[in-house]
Amino acid sequence: MALRVEHLRVYYRTLAGDVKALDDVSFDVADGEIMGLAGESGCGKSTLGKSLIRLDGRMRYVGGHVLLDGEELPVWDDEAMDRFRFREVSIVPQYAMSALNPIRKVGPMIRDLLRARGVHPNGIQRELERRLELVGLQPDVLGLYPIELSGGMKQRVVLVLSTLLDPSLLIADEITSALDVSTQKAVAQTLVEFRDRGFVKSLIVVTHDLAVLAQIADTILVMYAGKLAEKATAEEIISTPRHPYTRMLISSLPEVGVRYEEKELRGIPGRPPSLLEPPGGCRFRDRCPLATARCAQEPPWVEQDGRGVACWEAETTTTQAALLAETR
Amino acid sequence: MSSVPTAPLASPSDPTQVEAVPVAQPMSGFQETLHFALRNKKLVFGLSMTTALLLFALFGPLFARHGPLVYGGDLGLAPTRAGGYWFGTTLQGQDVYAQFVTGLRLAFIVGALGGGIAAIIGMVIGFTAGYRAGWVDECLNMLTNVVLVIPTFALLLVIAAYLQVRGIVTEAVFIGITSWPWAARALRAQTFSLVSRDFVDMARLSGRSSRHIIFKEIAPNMSSYLFMMFILLFGGAILIAATLDFIGLGPSNTISLGQMMQLSVQNAALQLHLWWWFLPPGLGIMAIVGSLYVMNVGLDEVFNPKLREM
Amino acid sequence: MLRLDDVSKTYHVGSFGRGRLAAVREVSFELKAGEVLSLIGESGSGKSTIGRMVLRLLQPTGGSITYDDADIGKLRGGALKEYYRHVQGVFQDPFSSYNPIFKADRIFGLVHAGFFPGISRKEWDQRVRASLESVALNPDDVLHKYPHQLSGGQLQRLLVARALLLDIRYLVADEIISMLDASTRIDVLNLLADLKARGLGILFVTHDLSLGNYISDRTIILRHGCIVEMGATEKVFGDPRHPYTQDLLASVPLLHTRWEQDGSRRVAEPRPDPRLEAPRLVPVEDDHFVATG
């Protein structure tokens with residue numbers, strides 16, 4: 001079992017109090033699995049990604065355990081995590097490609113980074129060049145400044161860099177958002193290739209774009225307002241979603257081939273609740289068309305055969321779907 | 001003088017970034033600023049020092065028993081309570097205390113006037129160059145560079161040769177029209193970055209004139225920056241005035257802190273151990289300018305959320 | 001009618017401005033009332049530049065943009081204001097479109113002062129409320145609030161409400177929903193479709209093909225500043241003839257179909273075409289044009 005997260009809670013300190021960005025989240029990621037973390041802004045997916053490597057000073061660890069390959073990660077301690085960063089756990093943060101040092105060439109920058117991590121650059125130079133070629137970049141890209149590279153090239157450099165030491169876990173935070181659709185495809189496929197070649201053992205891909213996840217992820221975890229809503233394989237989430245939020249989200253996505261005159265899509269009215277003082281019970285209650293009085297009590301996370309959902313009404317929808325499938 | 005503050009421009013909050021620290025603000029912007037302002041030691045210290053000196057400058061002359069230029073007392077008297085010569089007398093028998101408080105007043109006047117003129121010119125040129133860009137920007141840049149490299153000392157000598165009497169106002173005006181270039185440059189850069197924001201385009205689409213856009217949309221966004229810039233110009237003007245006074249190019253009809261220092265050096269006060277003649281003006285200049293700069297650093301921390309410790 | 005004839009925008013680049021960069025090359029099309037026209041392109045395609053030129057925030061360096069047969073490039077002062085009564089725009093970043101130190105409803109005040117100075121305060125407030133309701137916003141939820149207290153979706157709708165206060169005939173929507181969440185995107189998009197049904201002509205600038213397909217009647221595919229394919233949306237998306245369009249459509253991630261596993265990977269982004277002229281457009285069928293060369 002590559003990664004196991006148990007009841008993780010991470011809050012943000014603010015003047016007004018604690019923002020409960022991540023409230024009791026548990027899941028597993030197997031070796032070789034690409035897990036997609038989907039959700040909209042404020043759901044906690046970026047927080048979850050960053051808390052696994054502890055890279056944000058404003059975060060306050062409150063409780064829970066993270067185990068990687070059986071060993072507990074000290075996600076509450078900034079300095080203790082340093083041993084694991086880049087070697088066991090690596091992250092491609094949001095906007096990484098814009099964060100490359102503009103006044104250093106790519107090659108010297110990578111050498112500095114490696115030395116800072118206690119790795120001798122010369123020993124790994126061969127491997128670095130091999131991987132650059134693998135993603136379709138000429139090794140002479142190391143002699144260029146970041147401004148001479150396009151967005152897609154920079155993103156691929158960052159990908160190669162963050163997986164250079166073959167980490168067990170790679171967290172990719174919104175790596176395709178700022179790219180054009182054609183480079184998006186190339187970068188997403190690169191991720192899968194890294195997993196296939198064993199450069200990373202497991203991947204967590206954080207993004208709001210369900211369509212990209214449908215292409216490359218094995219499992220998808222949908223989050224809402226700091227909690228898990230649903231977890232299933234990519235096909236199951238797309239074709240038979242159980243949580244009302246997932247269902248409404250998917251039915252609000254326009255696809256090529258669907259036009260307004262043919263089928264008017266609907267969004268989800270309202271906004272996610274403030275996480276400063278989150279409401280009791282199910283956090284999706286106010287926007288959910290299936291909400292009942294029972295939803296005033298927080299639904300438990302029910303997991304069975306690798307599929308998990310946190311909704312009182314999930315059973316009814318599942319039974320309905322099963323009945324429908326039977327009568328066809 | 002080139003401690004240009006980092007501008008705390010309100011940055012557009014990207015929704016995907018809001019994810020990182022979810023928005024939760026019960027306090028209004030002003031209240032929050034005040035909250036941090038009162039907790040910032042540098043700001044509180046600088047502000048109290050400056051206020052204390054200002055009060056001293058306003059009310060100090062009321063307590064002076066003798067005029068600043070009057071040759072009355074004993075020559076080179078050490079500070080004593082007799083006769084009200086609390087700061088002693090100069091080698092010519094003038095009351096040092098009276099000279100000091102007069103000089104303090106003049107320092108504030110030259111700071112306000114000189115700094116104010118420089119601020120206005122800097123704002124006009126900086127905003128126009130930043131907003132219009134193109135060849136207007138090129139011309140104003142040329143003008144800024146020319147004024148920047150003019151040797152102010154030589155210019156002042158030439159002017160001094162033509163004017164019979166130079167008052168404090170003349171000195172302030174001169175400082176104002178020669179010390180604005182760096183302010184104009186800084187404001188131009190800030191204006192450039194704000195002009196590319198969408199709300200400026202929105203104002204254009206609403207048919208607003210350029211004047212409205214500069215003064216009602218862009219300038220208020222930079223209000224904290226403008227405020228801090230004025231403080232720097234204020235302090236800078238006082239320093240320049242002190243330097244000019246020290247080399248003898250000060251106002252000819254009154255006595256300022258810099259002139260006190262000049263006279264004390266000319267009369268070998270250091271060798272004669274007349275410390276009460278040069279120490280007060282020196283410390284006075286240091287105190288005013290120093291407390292202004294400390295206040296500015298504190299303000300920078302207050303206005304810029306990124307510099308605050310949480 | 002809003003028409004672009006061979007519109008080009010060239011910038012001087014390089015040392016001493018000797019080089020030339022053509023952001024837009026000889027683009028021609030018409031925008032009619034009651035129609036949504038999508039300008040689809042990747043970054044660097046010039047789509048936003050075209051949008052800004054239509055809004056007179058930039059001047060074309062070649063060709064002309066005419067509104068009811070009057071060249072908008074020559075409008076000044078009062079005439080320009082008249083143009084803005086009929087043509088307005090909404091931009092990508094809802095938070096950047098508001099001056100952060102003022103309340104959000106100040107944008108209505110600006111329109112009041114600029115275009116309707118004679119109308120009383122009371123009458124204006126009523127108009128504002130009506131406009132807000134027509135974009136499905138509750139006036140009491142959004143008035144008297146600062147931009148950071150509202151969501152991206154609400155802010156974008158406020159901007160549309162502002163545009164509707166004027167008697168506009170054309171709206172330029174420049175990537176207006178790319179910074180919104182998926183669940184609110186579709187509502188703003190439906191609003192645009194609603195406005196189209198009421199007779200508004202919309203120039204919808206986007207990089208997202210699914211959005212363009214959902215809402216537009218006609219589509220223009222841009223690449224490096226020139227049009228590569230143009231026509232009715234069903235024809236461009238249903239039967240793409242230009243290799244670039246085909247490439248784009250093949251790269252869009254779909255929910256229910258996997259990408260074709262092609263061994264080739266487009267790794268080097270093709271260099272921008274240094275020519276300043278655009279390739280010619282030839283019709284391949286009724287209302288479907290493709291660039292040659």
Side-chain angles (χ1 to χ4, degrees), chain B residues 7-19 21-33 131-135 138 191 193-227 303 305, chain C residues 51-52 55-58 77-85 87-102 104 106-117 146-153 155-156 158-159 162-163 165-166 168 171-172 174 176 178-181 184:
Chain B
L9 295 174
S11 50
S13 52
D14 175 1
T16 52
Q17 196 83 302
V18 167
E19 156 98 59
V21 182
V23 173
Q25 287 177 2
M27 274 195 262
S28 85
F30 180 66
Q31 280 175 310
E32 197 181 323
T33 309
Y131 183 73
R132 290 230 175 267
W135 67 266
E138 297 286 338
T191 311
S193 74
L194 277 176
V195 153
S196 60
R197 299 268 290 277
D198 290 333
F199 65 79
V200 171
D201 285 333
M202 274 293 152
R204 284 202 189 109
L205 288 179
S206 303
R208 307 312 282 157
S209 66
S210 307
R211 206 165 51 89
H212 164 100
I213 293 179
I214 292 179
F215 290 111
K216 296 270 180 58
E217 303 280 342
I218 295 181
N221 249 304
M222 289 205 265
S223 53
S224 54
Y225 190 75
L226 290 172
F227 188 55
F303 285 134
Chain C
R52 291 173 68 85
L55 288 174
R56 247 306 288 268
L57 296 170
L58 280 179
L80 187 57
K81 226 189 207 186
E82 272 307 300
Y83 179 66
Y84 285 144
R85 264 186 219 270
V87 179
Q88 278 291 328
V90 180
F91 300 111
Q92 179 180 22
D93 188 346
F95 293 94
S96 168
S97 303
Y98 292 82
N99 196 329
I101 57 178
F102 297 121
R106 181 169 174 272
I107 56 171
F108 300 122
L110 286 181
V111 170
H112 186 191
F115 291 97
F116 301 99
Y146 284 92
H148 66 258
Q149 293 173 302
L150 298 170
S151 76
L155 292 174
Q156 292 293 48
L158 268 174
L159 289 174
R162 168 195 166 276
L165 281 169
L166 298 154
I168 57 168
L171 182 69
V172 177
D174 189 351
I176 66 171
S178 61
M179 291 186 85
L180 300 180
D181 276 331
T184 40

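Letters A, B, ... are given to chains in the order of the sequence lines, protein chains preceding strands, and every chain is numbered from 1. Excluded from the calculations below are hydrogen atoms, water molecules and symmetry mates; all remaining heavy atoms, backbone and side chain alike, are included.
- Residue B/V200 comes nearest to B/V195 through the heavy atom pair CB-O, 3.8 Å, listed as atom of the first residue, atom of the second, then distance.
- For C/A163, no part sits under 4.5 Å from any heavy atom of chain B, backbone or side chain.
- The structure places CZ of C/F95 at 13.0 Å from CG of B/D198, a figure rounded to the nearest 0.5 Å.
- When each of B/R204, B/E217, B/K216 is scored by its heavy-atom pairs under 4.5 Å with chain C, the top score falls to B/E217.
- Contacts of C/L166 with chain B are absent, with no heavy-atom separation under 4.5 Å from either backbone or side chain.
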Quiz item: Given C/V172 and C/V90, is the side chain to side chain contact (heavy atoms under 4.5 Å, CB included) satisfied, shown in steps?
Solution: CA-CA 6 Å; C/V172 177; C/V90 180; over 6 Å; no

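- The two residues C/F108 and C/L165 have their closest heavy-atom pair at CD2-CD1, 3.4 Å.
- A heavy-atom distance below 4.5 Å is found between the side chains of C/M179 and C/P94.
- In this structure, the portion of C/F102 lying under 4.5 Å from any heavy atom of chain B is its side chain and not its backbone.
- Contacts of C/R85 with chain B are absent, with no heavy-atom separation under 4.5 Å from either backbone or side chain.
- Using a 4.5 Å cut-off between heavy atoms, C/L110 contacts chain B through both its backbone and its side chain.
- Using a 4.5 Å cut-off between heavy atoms, C/F115 touches chain B through its side chain atoms alone.
- Residue C/R52 touches chain B through its side chain alone, counting heavy-atom pairs closer than 4.5 Å.
- The shortest side-chain heavy-atom distance between C/L159 and C/F91 does not fall under the 4.5 Å cut-off.
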